[in-house]
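So the structure is just underneath, and the comments pick up after that.
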Amino acid sequence: MRKLTIKRRKSFVGCLAKMKVYIEDAASGELVINDVPCKKLGVLGNGEEKSFEIESQSAKIFIIADKLSKNYCNEFYQLDEGEEDVFLSGQNKYNPITGNPFRFDNNENDVVIHNRKKNLKRGLIIFAVAAVVGFAVGFTISYIVNSRDETFSVKGMSITLPNEFEEVHGTDFTAAYGTEDVAVFALQEKFSLLEDFESYSLREYANMVKIANNISSSVKTAYGLTYFEYESTNPGTSDTFHYYAFVYKANDSFWLIQFAASDDVYEDYTEEIFDWAKSVEFDS
């Protein structure tokens with residue numbers, strides 16, 4: 001036997017989610033991840049470090065968000081056979097398409113990189129299917145109700161969007177909505193997450209989000225909104241997405257609401273995105 005210790009470094013990305021730790025175990029078959037039978041070792045909260053007793057044989061260590069997203073939001077580390085204790089570390093990385101997955105430090109071999117690319121393709125397919133379904137529903141309804149707007153509400157936040165938007169489930173966000181061209185990601189972050197968090201200004205919160213995600217663009221204000229923009233190219237593809245990230249302050253939390261569109265169409269939606277961002281309201 002040996003001891004496996006895993007440290008999940010603190011990060012705003014995926015901070016509310018408990019990550020699940022599994023180990024390859026052919027005899028258990030408690031859960032199959034990427035065609036590998038596994039058993040659960042435990043869970044890791046944001047900033048937690050835990051130790052587990054494991055066997056000495058070689059095995060894959062998987063970290064997933066949940067069973068629903070296990071085949072596209074996962075990371076594994078290949079442990080060699082041995083008797084010495086093992087220490088691993090890592091943190092969740094920003095990538096909404098694959099659910100902001102956990103990434104082990106110093107884990108860049110070809111097999112792992114191939115797995116990450118495969119996960120990205122699966123995530124893109126899942127999100128695209130959800131968006132297409134939403135577009136189809138909205139398109140059909142538009143003939144009946146002349147393309148009304150619809151107000152979506154979650155945890156005291158409401159946003160008004162065209163009714164071709166459809167709610168997308170299975171993401172690491174508080175809420176997500178999509179059409180064929182535009183995705184909306186809403187994340188609530190309670191003041192209780194950090195000491196004196198409530199005293200932060202919108203600009204300070206926006207800068208904190210940028211630093212946590214290595215975003216270098218400047219924070220802007222327009223139409224009474226505080227926001228920043230950035231672009232992200234998905235690894236292993238040439239797909240580039242442009243993000244408008246707006247920050248809001250409610251009675252008990254900050255909200256980060258992002259609008260994403262592919263680089264070739266986002267300018268067509270800029271005016272509408274600002275209108276949608278201005279529609280955001282919070283319960284008093």
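Both backbone and side-chain heavy atoms feed into the values below; hydrogens, waters and symmetry mates do not.
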Report task. Nearest 0.5 Å please: distance from the CD atom of Glu49 over to the CG atom of Leu44. Result -> 9.5 Å
**Report entry** Euclidean distance, Glu30 CD relative to Asp25 CG, rounded to 0.5 Å
**Finding:** 9.0 Å
Requested in this report: Calculate, to the nearest 0.5 Å, the distance between atoms CZ and SG belonging to Phe102 and Cys73 respectively.
Outcome: 11.5 Å
Query - Arg103 bridged to Glu75 by N-O distance under 4.0 Å - result: yes
Query raised in the report: What is the minimum heavy-atom distance between Lys190 and Ser253, and which atoms define it?
Result: CA-CB, 3.7 Å
Requested in this report: Identify whether Leu79 and Val111 are in the same connected component of the hydrophobic contact network (ILVMFWY, side-chain heavy atoms under 4.5 Å).
Outcome: no
Report task. Please say which of Val112, Ile61, Asn107 ends up in a side-chain contact (heavy atoms from CB on, under 4.5 Å) with Phe76. Result -> Val112
Query raised in the report: Which of parallel (below 30°), tilted (30 to 60°) and perpendicular (above 60°) describes Tyr244 and Phe274?
Result: perpendicular
**Report entry** Verify same cluster id: Val36, Ile23 (apolar side-chain graph, 4.5 Å)
**Finding:** no
Requested in this report: Using the side chain to side chain contact (heavy atoms under 4.5 Å, CB included) rule, take Ile159 and Met157 through it: C-alpha gap first, then chi angles, then the decisive distance, then the call.
Outcome: CA-CA 7 Å; Ile159 183 171; Met157 184 278 294; 4.1 Å; yes
Query - Heavy-atom side-chain contact between Val21 and Val43 under 4.5 Å - result: no
**Report entry** Hydrophobic cluster membership, Ile64 vs Phe173, 4.5 Å side-chain cutoff
**Finding:** no
Report task. Quick one: list whatever passes side-chain hydrogen bond (donor to acceptor under 3.5 Å, both in side chains) with Ser89, sequence neighbours left out. Result -> Asp105
Query raised in the report: Rounded to the nearest 0.5 Å, how far apart are NZ of Lys249 and CD of Glu189?
Result: 13.5 Å
Query - Euclidean distance, His242 NE2 relative to Glu267 CD, rounded to 0.5 Å - result: 8.0 Å
Query raised in the report: Would a 4.5 Å heavy-atom cut-off, applied to side chains only, mark Ile63 and Phe104 as touching?
Result: yes
Query raised in the report: Should Glu150 and Tyr177 be marked as a side chain to side chain contact (heavy atoms under 4.5 Å, CB included) after you check the CA-CA gap, both sets of side-chain angles, and the distance that decides it?
Result: CA-CA 12 Å; Glu150 181 175 352; Tyr177 313 97; over 6 Å; no
Report task. State, without any angle test, whether Ser158 and Thr151 hold a side-chain donor-acceptor pair at a distance under 3.5 Å. Result -> no
Report summary line: Ser58 and Gln78 have their tightest heavy-atom pair at CB-NE2, 4.1 Å
Requested in this report: Step through the shown structure and confirm whether more than 12 heavy atoms of other residues, nucleotides or ligands are within 6.0 Å of NZ on Lys210.
Outcome: yes
Query raised in the report: To the nearest 0.5 Å, what is the distance between OG (Ser51) and CG (Leu4)?
Result: 7.5 Å
Report task. Assert yes or no for the condition that the ring centre distance of Phe246 to Phe228 is strictly below 6.0 Å. Result -> no
Query - Close side-chain approach of Leu194 and Met208, heavy atoms under 4.5 Å - result: yes
Query - Nearest atoms (heavy-atom pairs only) where Arg203 meets Val219 - result: NH1-O, 3.2 Å
**Report entry** Sub-6.0 Å ring centroid separation between Tyr269 and Tyr266
**Finding:** no
Query raised in the report: Less than 4.0 Å between a side-chain N and a carboxylate O, is that true for Lys220 and Glu229?
Result: yes
Query raised in the report: Are Met19 and Arg8 side-chain neighbours, meaning at least one heavy-atom pair lies under 4.5 Å?
Result: yes
Query - Tyr227 side chain to Gln258 side chain, donor-acceptor N/O pair below 3.5 angstrom - result: no
Query - Under 3.5 Å side-chain donor-acceptor pair for Asp149 and Asn163 - result: no
Requested in this report: Would you verify whether the NZ or CZ of Lys60 falls within 45 degrees of the ring axis of Tyr77 while also being under 6.0 Å from that six-membered ring's centre?
Outcome: no
Query raised in the report: Is any side-chain heavy atom of Ile6 closer than 4.5 Å to a side-chain heavy atom of Phe87?
Result: no
Query raised in the report: Do the side chains of Phe52 and Leu31 join up, straight or via other hydrophobic residues, at under 4.5 Å, putting them in one cluster?
Result: no
Query - Lys3 atom NZ, over 12 foreign heavy atoms within 6.0 Å - result: no
**Report entry** Minimum heavy-atom distance between Phe185 and Ala260, given as atom pair plus value
**Finding:** CE1-CB, 4.1 Å
Query - Leu41 side chain reached by Tyr22 side chain, heavy atoms, under 4.5 Å - result: no
Requested in this report: Report the C-alpha separation of Arg116 and Glu108 in whole Å, then their side-chain angles, then the decisive distance to 0.1 Å, and conclude whether the salt bridge (Lys or Arg N to Asp or Glu O under 4.0 Å) test is met.
Outcome: CA-CA 10 Å; Arg116 292 174 182 174; Glu108 304 293 331; 3.3 Å; yes
Query raised in the report: If you draw a 6.0 Å radius around CD in Glu195, do more than 12 non-hydrogen atoms from other residues or ligands fall strictly inside?
Result: no
Report task. With the side chain counted from C-beta on, respond yes when Met1 and Ile54 share a heavy-atom pair under 4.5 Å apart, and no when they do not. Result -> no
Query raised in the report: Cut-off 3.5 Å, side chains only: do Ser262 and Asp264 have a donor facing an acceptor?
Result: yes
Query - Mutual orientation of the aromatic rings belonging to Phe254 and Tyr205 [parallel < 30°, tilted 30-60°, perpendicular > 60°] - result: parallel
Query raised in the report: Taking a hydrophobic cluster as the set of Ile, Leu, Val, Met, Phe, Trp and Tyr residues connected by side-chain heavy atoms closer than 4.5 Å, whether directly or through intermediates, do Val184 and Phe282 fall within one such cluster?
Result: yes
Query raised in the report: Is the number of heavy atoms from other residues, nucleotides or ligands under 6.0 Å of Glu48 CD greater than 12?
Result: yes
Query - Lys10 and Gln91, any side-chain heavy atoms less than 4.5 Å apart - result: no
Query raised in the report: Taking it one step at a time, do Glu231 and Phe241 satisfy side chain to side chain contact (heavy atoms under 4.5 Å, CB included)?
Result: CA-CA 6 Å; Glu231 289 192 343; Phe241 294 88; over 6 Å; no
Report task. Kindly give the heavy-atom pair with the smallest separation between Trp276 and Val182, and that separation in Å. Result -> CZ3-CG1, 4.1 Å
Report summary line: In terms of heavy-atom contacts, Phe62 and Cys38 come closest through CD1-SG, 3.7 Å
Query - CD/Glu271: more than 12 non-hydrogen atoms of other groups inside 6.0 Å - result: no
Query raised in the report: Name the one of Ile257, Leu256, Thr174 that satisfies side-chain contact (heavy atoms from CB on, under 4.5 Å) with Gln188?
Result: Thr174
Requested in this report: Apply side chain to side chain contact (heavy atoms under 4.5 Å, CB included) to the pair Val86 and Leu88, showing each step before the final yes or no.
Outcome: CA-CA 7 Å; Val86 178; Leu88 302 175; 4.0 Å; yes
Query - Centroid-centroid distance, Tyr243 to Phe259, less than 6.0 Å - result: no
Query raised in the report: Would you say the side chains of Asn74 and Asn115 form a donor-acceptor pair under 3.5 Å?
Result: yes
